[in-house]
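A short write-up of the structure that comes next.
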Amino acid sequence: LNSELSAANAEIERRGEELSRANGELNGALERETLERRRAQANFERARFSVEQMLAETGADALADVPQMQPVRRKLLEKALEFYSQMESEAAGSAELARERAYTERSIGDLLAELGRYDEARVRHLRAVELLREARLTDDSFKTRHTLASALGQLAVQASAAGEGENAEALWRESIAILSEEDFSDPQRLRAGTDLVLLRYSLAYAVYARGETEESLALYEQATALARRLRELAPDDADLELALSGSLSAAAQVLVHLARMADADRCYAESFELLERVLAKAPESVRAREQMIELANNYGLRLMTDSDAQRATRVLTEGLDAARSLANDFPEDPEQRKRLAVIGLNLAAHTANSGDFGGADTVARESVAALDELFRRYPERLEYGYFFGVALSIHSGIATELGRLDEAEANSTRAVELLREALEATGGHAGVKAGLASALFMRASARRAAGELETALELVVEGRQHTTGRPDVLYECVEA
């Protein structure tokens with residue numbers, strides 16, 4: 001019995017030693033696997049960082065403001081896209097690298113959008129959102145939350161452009177909810193704070209477009225308040241200044257709608273000063289110049305109706321200068337030509353109202369020429385025909401005042417034709433109606449100046465059928 005017991009103990013000890021060796025081997029294998037997994041993730045992170053560093057060091061973002069470097073910038077973005085795509089394929093199927101794949105999907109989506117490949121970009125951003133939502137279950141880090149919010153914001157922009165307003169709003173609200181709880185006192189989080197300002201701004205614009213004025217204003221005020229707090233941390237950050245200026249300008253439009261004119265004027269004035277500051281430091285900034293044009297159109301019109309002629313001239317002239325520089329820098333971009341023409345028309349109308357018809361004539365001719373070219377090159381673009389008609393209408397009024405009645409008749413006749421076509425194509429759009437009414441009144445003024453009173457009266461009667469209650473159009477009716 002003792003011998004059997006001794007043998008059993010020896011067998012137990014032998015099995016124990018084997019188990020210890022097996023456990024040691026298993027632990028070693030697990031350690032090696034963990035090391036390999038960490039090494040793979042570190043390599044992936046280094047590769048992604050290298051691509052991001054390449055874009056930063058070559059100034060891919062800065063090149064967006066340099067017209068002559070657009071082909072170079074496009075090649076850089078395409079090269080980065082190639083690198084990201086290669087990294088993605090190497091990480092496919094790896095559960096450990098799911099978070100890194102999500103970051104890469106977002107980066108690929110951003111690059112595709114930069115390259116104008118919007119359908120492909122949307123697919124990538126959708127995939128990034130799916131992966132990032134999964135990643136938050138095990139890694140709810142600030143970087144993961146910020147990247148998810150950013151990808152949702154990109155998807156919202158794409159949904160809005162596709163006419164999916166309800167979907168776009170839902171995406172913006174989700175992205176805002178993610179970032180709203182963050183602490184942005186850390187300077188490293190400044191970019192995320194600026195993103196939140198822009199997300200609220202974008203949602204406010206969408207909400208205003210469907211008539212929710214009070215909610216829109218509240219969102220703009222939240223965006224403005226956050227931008228002000230962030231500027232205390234980075235007072236010279238141009239992106240923050242542009243975000244704050246944009247929120248103030250958009251809020252001013254809502255305030256005008258609510259007839260809170262004094263508040264609107266304060267917002268417009270601060271927005272204008274911020275843009276002047278940014279452009280003084282970075283006159284080549286495309287984004288700042290485009291914002292100046294939009295602000296100058298809205299603020300300039302507000303000043304015109306408020307009888308502040310001197311400041312209106314200053315604001316509209318700043319906008320025209322910005323538009324001219326962009327049109328010169330990007331001669332093949334039709335939108336830059338359109339912006340130039342529209343701000344020019346507003347300045348021409350203001351100059352004419354101030355009694356300087358010669359100066360108005362010079363500015364209006366530039367706008368008419370630009371829109372004539374656009375209309376000839378892109379006849380399928382309805383908005384170009386509409387703006388061309390408006391330009392001819394305004395110029396005909398100036399020509400009438402200068403005694404050039406044949407030119408006034410030709411321009412106003414063509415304007416009426418173009419705006420009738422636009423009205424039919426838009427199904428009776430109120431803005432186009434107002435434009436057609438104005439053109440009919442301008443033609444009536446030309447006929448009245450030529451002594452054709454009966455024809456002038458017929459044109460006024462027709463024009464009144466298209467008036468929409470706009471004070472400026474009703475004033476033209478009285479003048480005609």
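For the numbers below, each heavy atom of this structure counts, side chains included, while hydrogens, waters and symmetry mates do not.
To the nearest 0.5 Å, the span separating CG on L258 from CG on D263 amounts to 10.0 Å. With values rounded to the nearest 0.5 angstrom, D321 atom CG is found 11.0 Å from L316 atom CG.
Legend: residues meeting ring pair (Phe, Tyr, Trp, His ring centres under 6.0 Å) with F387, ordered by chain and number and at least two apart, are absent. Contacts of H257 classified as ring pair (Phe, Tyr, Trp, His ring centres under 6.0 Å), with partners at least two apart in sequence or in another chain: Y208. Residues meeting the ring pair (Phe, Tyr, Trp, His ring centres under 6.0 Å) test with F272, sequence neighbours left out: none.
In the displayed structure, R191 atom CZ is contacted under 6.0 Å by at most 12 heavy atoms of other residues, nucleotides or ligands.
The pair D239-R287 counts as a salt bridge, with a side-chain nitrogen and a carboxylate oxygen less than 4.0 angstrom apart. A salt bridge is absent between R443 and E462: the closest approach of a Lys/Arg side-chain nitrogen to an acidic carboxylate oxygen does not fall below 4.0 angstrom.
Considering only heavy atoms from C-beta on, V460 comes within 4.5 Å of F441 through its side chain.
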Worksheet item: Which is it for S271 and S245 under the side-chain hydrogen bond (donor to acceptor under 3.5 Å, both in side chains) test, yes or no, and what are the steps along the way?
Response: CA-CA 4 Å; S271 177; S245 174; 2.8 Å; yes
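When the options L326, V342, L374, L371 are evaluated for a side chain to side chain contact (heavy atoms under 4.5 Å, CB included) with R337, the one that passes is L374.
Between F388 and F375, the gap from one ring centroid to the other is short of 6.0 Å.
Side chains of E409 and T413: a donor on one and an acceptor on the other come within 3.5 Å.
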